[in-house]
Structures are given as structure tokens and as C-alpha cells.
Amino acid sequence: MSILTKKFFERPTLKVAQELLGKFLFRRIGGKKFFFAITEVEAYDGFLDKASHAHKGKTARNTPMFGEAGIWYVYLVYGMHNMLNIVTGPKNYPAAVLIRVIKPLSNSVAKLNGPAKLTKFLGIDKKFNKKPATRAAGLWIEDKGVKIKKSQIKASPRIGVNYAGEWKDKNYRFYL
DNA sequence: ACGATGATGAAC
DNA sequence: TTCATCATCGTA
């Protein structure tokens, strides 16, 4: 059970995004611990990426993206949905990976096949914003030793970012 | 295909 | 201070 720390996230965003597939998102609620395999992510990388919140520079909302790697960036879209991102890359370089889909090991729970579904199910909201991904925070990521072959990873353009000009076609979405 | 629903950022 | 815009989802 090795927990992923700043070292893991403080690397190129595209690499981190792909390596997050097959890792496990852990959530502690009260005394209970749940975990889910990460099966789909999107990368948001740097100032130039028009689909990224950071492309216009630092603002009140996106400051977490400029912070240390390995902290959560949680924000509201469409007035009702929380999105869960993990900050990547060096400090002052705005980048993050959006966790889109997680898979419960048992099928006893709802399908979590959308970024707003998993945050709702896990009770994730702005109170996690800027928190480090640690056990103490109640939300963290572990490597359980599952090996993912490169051939298992598929890439495609990101979802819901058609406004992003030439950046909308980049294959920054990765899934198993 | 479209409305819900509110924070955000930019313009006025 | 007002306005258009959104890293979505559920219902039709």
C-alpha cells in the first residue's frame, strides 16, 4: 500500500495523468474506508492550454493549480457539480488532472461514470479544495501494485471543451 | 435537445 | 453591478 505523494505528482502532467489509471482513489468517511480504481482522467496543462482554467492567468478560483503538486483542486461547474482535480507539475506551473471516472470493485454501488457523479457519491466539495491528498484529509490515492500496459491506455480529446480552439482536439483524455 | 443553477471573470 | 459563460447530468 504505497500512498502517492508530492513526488509522484510533481512531474509532467501528461505522464502523471496516464500513470493515474489503475491507481486507487481512497475515501475515509467516519471510520469507514472505501476505494475505487481510477479508469478515466483528463490533463489540463500549463498557461497555453485554452481549456484550462489557468490559461488567463492566476485568479481566485484557480490558485490551487499554481500551488504545490499533490493537493486537491475542487470547484463548482454549471452551478451544481463539483469537479475533483489533483494538482501536478512544479510550483507556480498551473496544471492538474481531472478525475472523471472511478470504478467500485463491487457492483453494489451506483455507477460512477462521470466526474460529477463520483464527487456527489463520495461527498466531495469545496472543503477539499487546496487540501493535500493524504490520509489525514480523508481523500488520497494509493498504488496497489496493479500494472497497466501501455496498450491498455486509450487517448481522445477532452469532454465539454469545444470552446478551446485548437486545444480542444488534443488527446488529453486518457482511459482504460 | 435542453433546462437546472450559481460561481466566476470581464465588461461597463 | 450586470452579464455571458461554463472541465455536467437527468429528463424528454
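Just so it is clear: chains get the letters A, B, ... in the order the sequence lines come, proteins before strands, and each one is counted from 1.
Annotation: C:dT2 and B:dT5 have their P atoms spaced 22 Å apart (nearest Å).
A:Ile29 pairs by the side-chain contact (heavy atoms from CB on, under 4.5 Å) definition with A:Arg27, A:Phe34, not counting sequence neighbours.
Using a 4.5 Å heavy-atom cutoff, the side chains of A:Arg135 and A:Arg28 are not in contact. For the pair A:Ile3/A:Ile141, no side-chain contact is recorded, criterion being any heavy-atom separation below 4.5 Å from C-beta on. Residues A:Thr63 and A:Lys130 form a side-chain contact, since some pair of their non-hydrogen atoms from C-beta on lies under 4.5 Å apart.
Across the protein-nucleic acid pair, A:Asn82 atom CG and B:dT8 atom P stand 11 Å apart, rounded to whole Å. Nucleotide B:dT5 holds its P atom 13 Å from the CG atom of A:Leu76, rounded to whole Å. What separates OH of A:Tyr78 from C1' of B:dT8 is a distance of 14 Å, to the nearest Å.
Residue contacts shown for A:Met83 are limited to sugar-phosphate atoms, with no base heavy atom under 4.0 Å away.
Cation-pi geometry between A:Arg11 and A:Phe8 is satisfied (NZ or CZ under 6.0 Å from the ring centre, within 45° of the ring normal).
The ring-ring contact (aromatic ring centres under 6.0 Å, His included) pairs that include a residue from residues 154-176 of chain A number zero, where partners must be two or more places apart or lie in different chains.
For DNA chain C, the residues of residues 159-176 of chain A within the heavy-atom distance limit of 4.0 Å (strictly under) are A:Ile159, A:Gly160, A:Val161, A:Tyr163, sorted by number. The stretch residues 38-60 of chain A touches DNA chain B through A:Lys56, A:Thr59, each having a heavy atom under 4.0 angstrom from the strand.
Looking at A:Glu19 and A:Lys15, a side-chain N of the basic residue comes within less than 4.0 Å of a carboxylate O on the acidic one, giving a salt bridge.
OP1 and OP2 of B:dA7 both lie 4.0 Å or more from every side-chain N or O belonging to A:Arg61.
Inspection of the A:Thr13 and A:Asp45 side chains reveals an N or O donor paired with an N or O acceptor under 3.5 Å.
When DNA chain C is scanned 5' to 3' for any atom under 4.0 Å from a heavy atom of chain A, the first and last hits are C:dC6 to C:dG10.
Aromatic ring orientation, A:Phe47 versus A:Tyr93: perpendicular (interplanar angle above 60°, classes split at 30° and 60°).
Residues A:Leu20 and A:Ile86 share a closest heavy-atom pair of CD1-CG2, 3.9 Å. Residues A:Lys6 and A:Ala69 approach most closely at CG-O, 3.7 Å, considering heavy atoms.
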Where each pair must be Watson-Crick or G-U wobble with both distances under 3.5 Å, what dot-bracket representation of DNA chain B is obtained, with crossing pairs in [ ] and other-strand partners as |?
-> ||||.||||||.
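A:Leu4 and A:Phe24 fall within a single hydrophobic cluster, where Ile, Leu, Val, Met, Phe, Trp and Tyr side chains are chained together by heavy-atom contacts under 4.5 Å.
Around the NZ atom of A:Lys154, the shell of radius 6.0 Å holds no more than 12 heavy atoms that belong to other residues, nucleotides or ligands.
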